[in-house]
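Everything numeric here is computed off the predicted structure, so don't read it as measured data. FYI, the numbering just counts along the sequence from 1.
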Amino acid sequence: MTQACIDVSGRASLDDITQETDLRRLFGRFPTGVTALCAMDRHRPVGMTASAFVAVSLDPALVSVCIKHGSWTWRQLRTRERIGISFLGHGHAATARQLAQRADDRFLGLDYEATSSGAVFLTNATAWLECSIEKEIGAGDHDIVLFRLRRAAVTDGVMPLIFHSSDFHTITPLA
């Protein structure tokens, strides 16, 4: 895939997608929020980041996240009764990187709270969702995981963490 050229009419000239790196570059151009999916597993927090979050339905309250096949962390999380989804805030870039690593203790030094049902929430997030798994749908090399929202909370004054072009950013309101 090459850099798109805009012709005189304002339309882009499109190229064929020939490599996975082309797709990664293309998909990376769409800014997304960053979430952390976390739960307690045998008295220990387990978690991962995901940026493919979608609000699906108001009635019933459903959200979804896409998770790559073969994720070891997801194999642990998917057996939990409740999973906490934290919408990461602007100060969570290092946290997002830490939770994305393959490490024994991804929660070392992180501030979090666990509910009595086992959902884990990171502090200083913009919102927290306590969910149960509704359904998993195979989609290419990922699964679309549909979650039923059970309880939630939001906070004001924390700007979201945004993932764009393989890096973390935050947003500022337009004047």
Are Arg97 and Asp167 close enough, and set up right, to give a salt bridge (Lys or Arg N to Asp or Glu O under 4.0 Å), and what steps lead you there? CA-CA 10 Å; Arg97 286 185 186 93; Asp167 205 358; 3.3 Å; yes
Report the C-alpha separation of Asp41 and Arg80 in whole Å, then their side-chain angles, then the decisive distance to 0.1 Å, and conclude whether the salt bridge (Lys or Arg N to Asp or Glu O under 4.0 Å) test is met. CA-CA 7 Å; Asp41 184 25; Arg80 305 291 90 207; 3.6 Å; yes
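Between the side chain of Ser57 and the main chain of Asp59, a donor-acceptor pair closer than 3.5 Å is present. A distance-only check finds a donor-acceptor pair linking the side chain of His169 to the backbone of His164 [under 3.5 Å]. Of the possible donor and acceptor atoms, none in the side chain of Thr35 sits under 3.5 Å from a partner among the backbone N and O of Ser51. Using modelled atom types, no side-chain atom of Ser165 and backbone atom of Arg29 make a donor-acceptor pair closer than 3.5 Å. For His90 (side chain) and Ile171 (main-chain N/O), no donor-acceptor pair under 3.5 Å exists by modelled atom type.
Ion pairing between a basic and an acidic side chain is recognised when a charged N comes within 4.0 Å of a carboxylate O; Arg82 and Glu130 show such pairing.
Closest approach of Leu77 and Cys38 over heavy atoms only: CD2-C, 4.0 Å. In plain terms, the two heavy atoms of Phe168 and Ala96 that are nearest each other are CZ-CB, 3.6 Å. Contact between Phe121 and Leu129 at its shortest, heavy atoms only, is CE2-O, 3.3 Å. Considering every non-hydrogen atom in both Glu136 and Ile133, the closest pair reads CG-CG2, 4.3 Å. The minimum heavy-atom distance between Val63 and Ala55, with the atom names listed, is CG1-CA, 4.2 Å.
Asp143 and His69 are linked by a side-chain donor-acceptor pair at a separation below 3.5 angstrom, with hydrogens and angles left out of the test. One side chain, Thr73 or Arg106, offers a donor N or O that lies under 3.5 Å from an acceptor on the other.
Expressed to the nearest 0.5 Å, how far CZ of Phe107 lies from OG1 of Thr95 amounts to 10.0 Å.
In the displayed structure, Glu113 atom CD is contacted under 6.0 Å by at most 12 heavy atoms of other residues, nucleotides or ligands.
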